[in-house]
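Everything below concerns the one structure shown next.
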Amino acid sequence: MKIRGIEFTNCFLASGSLNFFGDGWPYDVLYKIFVPGFRRINRTTFVAKTTTLNYRAGNMPLNKNLQPKEFKPKCIKIYPFKGAVLNAVGLSGPGAKALFDDGRWQKIDRPFFISFMAVGNTKEERLQETKDFVALLKYYLPGFKTKIGLQINISCPNTKHHTADLAGEALEVLRIASDLKIPLDLKANALIGTETVREIEASGLCDILTISNTIPWGTPDVGIDWKKFSKTGESPLAEFGGGGLSGSDIFPLVLYKIQNLRFEGIKMPIKASGGISSPKKVRMIKKAGADFFEIGYVLMIRPLRVWWILRQAEKIKNLEIK
């Protein structure tokens, strides 16, 4: 499917799934060798791990190759039998300029998305960070081998911001980013309000709305049984701020939000993300009204299903991977 004249596949890899440059994480090396069909992910649209403007330690120490220093990062909890991942990575990274100077983004030969999030303490600081990042990207953009898009992340639960406040700033951030004249993807979580989405759609500044990022630990009244992961109700990652939940438990929220947005008359392109772990769920999100979809946690804990998910996607109109 073309967005602003650029051909993207209709299946994306969620930001962070394959690290900053698409080289992935240590387990991906083994999956590509031993898991049938796993290499098929090379036919999807890559979304880079979210970067901040400046260096950010976050909660996951990285080595010089931008791989985790810890064999089992303490800020990530994996629940393979529950189909869930709880993470509080906190956007660890070297900062945008270091990533641009590395040069690997510029060598990618298939259209992809860079992901960015402003993390300043105040609205003014965050908007200034966005302006500085946009100026930086604009400077480096002519050196890219392929056309790219920008994903604006307003929903990471691990930066000590209220995601509702960030959603309220979305229009101003989009206006700043529109100067790049490249596809813009706004990554929100399933808690974003319909009226906010309506304003974003009316602005004409956003090409894709991604629903959803992880759901912050302990969010009440969303149908998640948090005690399934902690009998005490306290997050296993409390020392890192609680973290955000990905996986099968958030899929119903994503499905309902997309259905509700379509029912309320929202027509802008929507990308479903969160808990899409089987061919059946691909069909469900298509029926709900999604134009695109992302896979993320399934790459980590359900790699054998990846081939089947992408096979299913190829059979569905408007979700064809070309």
Side-chain angles (χ1 to χ4, degrees), residues 11-50 58-63 65-93 113 115 151 153 155-158 187 189 210 212-215 217 224 228-229 235-237 240 243-251 254 271-279 281-282 285 293-310 312-313:
C11 177
F12 289 60
L13 300 181
S15 62
S17 298
L18 289 182
N19 210 333
F20 287 108
F21 299 115
D23 50 336
W25 306 101
Y27 54 82
D28 289 309
V29 176
L30 297 176
Y31 288 170
K32 287 181 179 180
I33 296 172
F34 296 109
V35 177
F38 192 82
R39 287 180 177 269
R40 199 179 184 89
I41 62 174
N42 293 332
R43 297 173 61 182
T44 62
T45 295
F46 167 61
V47 182
K49 182 181 184 300
T50 299
N59 299 316
M60 186 171 74
L62 301 175
N63 61 28
N65 295 318
L66 303 180
Q67 294 291 336
K69 288 184 177 180
E70 302 167 334
F71 178 70
K72 294 178 64 177
K74 298 181 181 66
C75 60
I76 300 175
K77 294 290 183 183
I78 300 173
Y79 303 91
F81 299 109
K82 297 173 182 175
V85 176
L86 183 66
N87 96 83
V89 173
L91 304 183
S92 301
F113 276 76
S115 183
Q151 180 181 85
N153 187 341
S155 54
C156 177
N158 303 314
K187 184 178 185 178
N189 65 34
T210 296
S212 161
N213 201 338
T214 62
I215 298 298
W217 173 270
I224 297 176
K228 181 167 67 172
F229 305 99
S235 169
L237 299 179
F240 301 112
L245 186 70
S246 303
S248 58
D249 287 84
I250 76 169
F251 180 76
V254 173
K271 175 150 51 72
S273 176
I276 300 172
S277 58
S278 68
K281 289 183 176 179
V282 174
I285 59 100
F293 75 104
E294 281 186 353
I295 53 176
Y297 91 101
V298 70
L299 298 174
M300 181 188 297
I301 63 175
R302 296 284 190 271
L304 289 170
R305 295 186 182 182
V306 170
W307 187 81
W308 295 104
I309 291 170
L310 299 184
Q312 178 64 60

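Since we're looking at a predicted model, the values are computed, not measured.
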Specify the closest pair of heavy atoms between [X] and [Y], including all atoms of both residues, with the distance to one decimal.
X	Y	answer
A48	F20	CB-O, 3.3 Å
V254	S273	CG2-O, 3.4 Å
K32	R39	O-NE, 3.3 Å
A88	N59	O-ND2, 2.6 Å

* Is the F46 to F113 ring centre distance short of 6.0 Å? -> no
* Asked: Do F12 and F293 have their ring centres less than 6.0 Å from each other?
  -> no
* Does a sphere of radius 6.0 Å around NZ in K77 hold more than 12 heavy atoms from other residues, nucleotides or ligands, not counting ones at 6.0 Å or beyond? -> no
Are any of the side-chain heavy atoms of [X] and [Y] separated by less than 4.5 Å?
X	Y	answer
V85	M300	yes
Q67	M60	no
S92	V89	yes
V306	V35	no
I309	V298	yes
N87	I76	yes
L237	W217	no
F38	L299	yes

* Asked: If you look only at pairs with a residue in residues 14-31, which of them pass as a side-chain hydrogen bond (donor to acceptor under 3.5 Å, both in side chains), with sequence neighbours excluded?
  ->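 Every side-chain hydrogen bond (donor to acceptor under 3.5 Å, both in side chains) pair that includes a residue of residues 14-31, provided the two are not neighbours, is S15-K187.
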* Asked: Between K281 and R305, is a side-chain contact (heavy atoms from CB on, under 4.5 Å) present by the stated rule, with each step listed?
  -> CA-CA 12 Å; K281 289 183 176 179; R305 295 186 182 182; over 6 Å; no
For residues 243-251, which side-chain donor-acceptor pairs fall under 3.5 Å, sequence neighbours excluded?
unit_1, atom_1, unit_2, atom_2, d
S248, OG, K82, O, 3.2
S248, OG, G83, O, 3.3
D249, OD1, K228, NZ, 3.3
D249, OD2, K228, NZ, 2.7

What is the distance from atom [atom1] of [X] to atom [atom2] of [Y], rounded to the nearest 0.5 Å?
X	Y	atom1	atom2	result
Q312	L310	CD	CG	10.5 Å
N213	S155	CG	OG	3.5 Å
I295	I41	CD1	CD1	7.5 Å
E70	L62	CD	CG	10.0 Å

* Asked: Is there a donor-acceptor pair closer than 3.5 Å between any side-chain N or O of R40 and the backbone N or O of W307?
  -> no
* Of T50, V47, T210, the residue whose pairing with N153 passes side chain to side chain contact (heavy atoms under 4.5 Å, CB included) ->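 Of the listed residues T50, V47, T210, the side chain to side chain contact (heavy atoms under 4.5 Å, CB included) partner of N153 is T50.
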* Asked: In chain order, what residues pass the ring pair (Phe, Tyr, Trp, His ring centres under 6.0 Å) check against Y297, with sequence neighbours excluded?
  ->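 Counting only residues at least two positions away or on another chain, Y297 forms no ring pair (Phe, Tyr, Trp, His ring centres under 6.0 Å).
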